Number of protein chains: 2
Amino acid sequence: MSHGIAIGKVSEATGVKVPTIRYYEQIGLLPAPPRTEGNRRTYDLKDNERLTFIRHSRELGFDIDKIRTLLLLQDRPDQSCQDADTIAKSHLVEVKEKIASLTALQHELERMVVGCSHGRVETCRVIEILADHGKCKHHQHQHQHQHQHCPPSLPMAQI
Amino acid sequence: MSHGIAIGKVSEATGVKVPTIRYYEQIGLLPAPPRTEGNRRTYDLKDNERLTFIRHSRELGFDIDKIRTLLLLQDRPDQSCQDADTIAKSHLVEVKEKIASLTALQHELERMVVGCSHGRVETCRVIEILADHGKCKHHQHQHQHQHQHCPPSLPMAQI
DNA sequence: CTTGCTCCTACAGTGGCTAGAGGATGTACG
DNA sequence: CGTACATCCTCTAGCCACTGTAGGAGCAAG
């Protein structure tokens with residue numbers, strides 16, 4: 001009869017995995033919910049919405065810090081939305097840059113694969129291009145600035 | 001007079017940072033070089049080439065495990081290059097998928113930003129779209145399979 | 001009552017590095 | 001020869017956003 005939602009149900013409803021929900025609570029992104037007698041977390045519809053918001057933001061590539069700001073903004077509907085707009089815009093710029101880099105990368109990979117004679121490694125264009133950066137047409141990926149957290153000194157990793 | 005290259009010089013020559021070179025040695029990607037009397041690493045031209053190979057591969061988004069395979073292939077020039085070709089091809093597929101996802105994402109972000117009335121949060125399209133996934137045109141990012149290491153259960157993070 | 005599912009905490013591990021402490025070594029200049 | 005400074009060494013911890021595991025407790029159905 002209690003209308004508290006168990007963590008598994010919220011997980012199912014929002015698509016956020018159970019350990020991830022607990023992690024979000026731990027880092028203060030999601031408020032700690034009340035517990036049952038048996039010490040189990042009980043969520044309500046607002047938590048559900050908040051988690052949906054978080055998941056969608058993550059899917060769109062916003063990092064936790066930006067999501068924190070966006071959540072604060074959501075909580076105060078009377079304020080200006082300029083901050084949210086700014087965050088979205090700068091994120092859009094980043095996404096566009098990534099697409100440009102990836103497209104250059106795609107062309108280089110295509111050149112590699114097409115150039116492969118399917119013979120011995122000795123004459124393999126794939127290995128050759130990897131070994132000698134001079135044979136690479138698109139050098140742009142060397143110089144792109146990189147201010148993300150993921151792999152600091154490597155420019156194009158885990159695209 | 002000795003022709004051993006110091007770690008700093010190799011770093012400068014290859015563009016791989018000093019701690020990263022030591023890290024590559026630690027994980028067995030680069031062989032441990034001989035040392036001087038004073039316990040300093042001394043590299044030669046082959047190490048330099050190997051590091052260039054590694055760096056370029058990383059720039060192209062290959063992960064360490066794939067680079068390990070590619071390096072093994074490079075060391076045996078008499079073998080078939082089919083493996084290298086396969087690795088490059090599957091990587092190309094991944095890159096193309098990422099570009100498709102990012103392009104969809106770009107459109108969604110553009111819709112968000114364009115739709116923002118620059119008024120109050122209450123009527124802000126950015127916040128609205130983030131909160132309600134139903135208003136999202138491109139649902140494809142929900143279902144993309146994701147077999148990379150970087151952020152396991154989050155589909156589109158650090159694009 | 002037992003089976004099996006969900007839940008709890010706490011801690012370790014992922015990838016690919018980076019940063020810092022605390023010390024040794026090498027070199028250029030006076 | 002001394003000294004200042006750059007470069008090197010090892011070791012450990014930290015980054016992000018989680019994921020996985022161990023070891024146990026709670027709860028509903030058969």
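In this text the structure is predicted, and so the values were computed from the model without any measurement. Below, chains carry the letters A, B, ... as their sequence lines are ordered, and counting in each starts from 1.
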What heavy-atom pair brings [X] and [Y] nearest, and what distance separates the two atoms?
| X | Y | answer |
| --- | --- | --- |
| B:Ile127 | A:Phe53 | O-CE1, 3.7 Å |
| A:Leu30 | A:Asp47 | CD1-O, 4.3 Å |
| A:Arg125 | A:Met112 | CB-O, 4.0 Å |

Between [atom2] of [N] and [atom1] of [X], the distance in whole Å:
| X | N | atom1 | atom2 | result |
| --- | --- | --- | --- | --- |
| A:Ile67 | D:dC16 | CD1 | P | 14 Å |
| B:Glu37 | C:dT27 | CD | P | 12 Å |
| A:Glu25 | C:dC7 | CD | P | 14 Å |
| B:Leu29 | C:dC17 | CG | P | 9 Å |
| B:Arg68 | C:dG15 | CZ | P | 10 Å |
| A:Tyr23 | C:dT9 | OH | P | 17 Å |
| A:Ile21 | C:dT9 | CD1 | C1' | 16 Å |

Identify the pairs formed between an N or O of the protein and an N or O of nucleotides 2-9 of chain D at a distance under 3.5 Å, and give each distance.
| unit_1 | atom_1 | unit_2 | atom_2 | d |
| --- | --- | --- | --- | --- |
| D:dT7 | O2 | B:Arg40 | NH2 | 3.0 |
| D:dC8 | OP1 | B:Gly8 | N | 2.7 |
| D:dC8 | O4' | B:Arg40 | NH1 | 3.4 |
| D:dC9 | OP1 | B:Arg41 | N | 3.0 |
| D:dC9 | OP1 | B:Arg41 | NH1 | 2.9 |
| D:dC9 | OP2 | B:Arg22 | NH1 | 2.3 |
| D:dC9 | OP2 | B:Arg41 | NH1 | 3.4 |
| D:dC9 | O5' | B:Arg41 | NH1 | 3.4 |
| D:dC9 | O3' | B:Arg35 | NH1 | 3.3 |

Checking all strands, does A:Ile27 fall into the base, sugar-phosphate, or nothing category for heavy-atom contacts under 4.0 angstrom?
->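 Nothing, no heavy atom under 4.0 Å.
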Does A:Asn39 have any side chain to side chain donor-acceptor pair (under 3.5 Å) partners at least two apart in sequence or in another chain, and if so, which?
->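 So A:Asn39 forms a side chain to side chain donor-acceptor pair (under 3.5 Å) with A:Arg35.
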Partner residues of A:Gln106 under the side chain to side chain donor-acceptor pair (under 3.5 Å) criterion, sequence neighbours left out |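 Per chain and number, A:Gln106 pairs via side chain to side chain donor-acceptor pair (under 3.5 Å) with A:Glu110.
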Table please: side-chain donor-acceptor pairs of residues 5-15 of chain B below 3.5 Å, with sequence neighbours left out.
| unit_1 | atom_1 | unit_2 | atom_2 | d |
| --- | --- | --- | --- | --- |
| B:Ser11 | OG | B:Val16 | O | 2.7 |
| B:Thr14 | OG1 | B:Val10 | O | 2.7 |
| B:Thr14 | OG1 | B:Val16 | N | 3.3 |

Could you tell me whether a side-chain N or O of B:Thr42 sits under 3.5 Å from a main-chain N or O of B:Pro34, the two making a donor and an acceptor?
->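 Yes; judged by distance alone, with no hydrogens or angles, the pair exists.
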Should the pair B:Lys98-B:Glu94 be classified as a salt bridge under the 4.0 Å nitrogen-to-oxygen rule?
->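 No, no charged N to carboxylate O under 4.0 Å.
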Are there more than 12 heavy atoms of other residues, nucleotides or ligands under 6.0 Å from atom CG of A:Leu45?
->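 No.
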What do you reckon, is CZ of B:Arg22 surrounded by more than 12 foreign heavy atoms closer than 6.0 Å?
->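 Above 12, so yes.
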Comparing B:Asp65 and B:Thr36 on DNA chain C - which has the more 5′ nearest nucleotide =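 Counting from the 5' end, the first nearest nucleotide belongs to B:Asp65.
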Measure all distances between protein nitrogen or oxygen atoms and nitrogen or oxygen atoms of nucleotides 19-21 of chain C, and list the pairs falling under 3.5 Å.
none

Between the protein and nucleotides 12-14 of chain D, which nitrogen or oxygen pairs are less than 3.5 angstrom apart?
none

Can you tell me if the side-chain N/O atoms of A:Tyr24 get under 4.0 Å from OP1 or OP2 in D:dA17?
->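 Result: no.
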Would you sort out whether A:Ile64 and A:Tyr24 count as a side-chain contact (heavy atoms from CB on, under 4.5 Å), showing the intermediate values?
-> CA-CA 9 Å; A:Ile64 300 284; A:Tyr24 286 160; 3.9 Å; yes
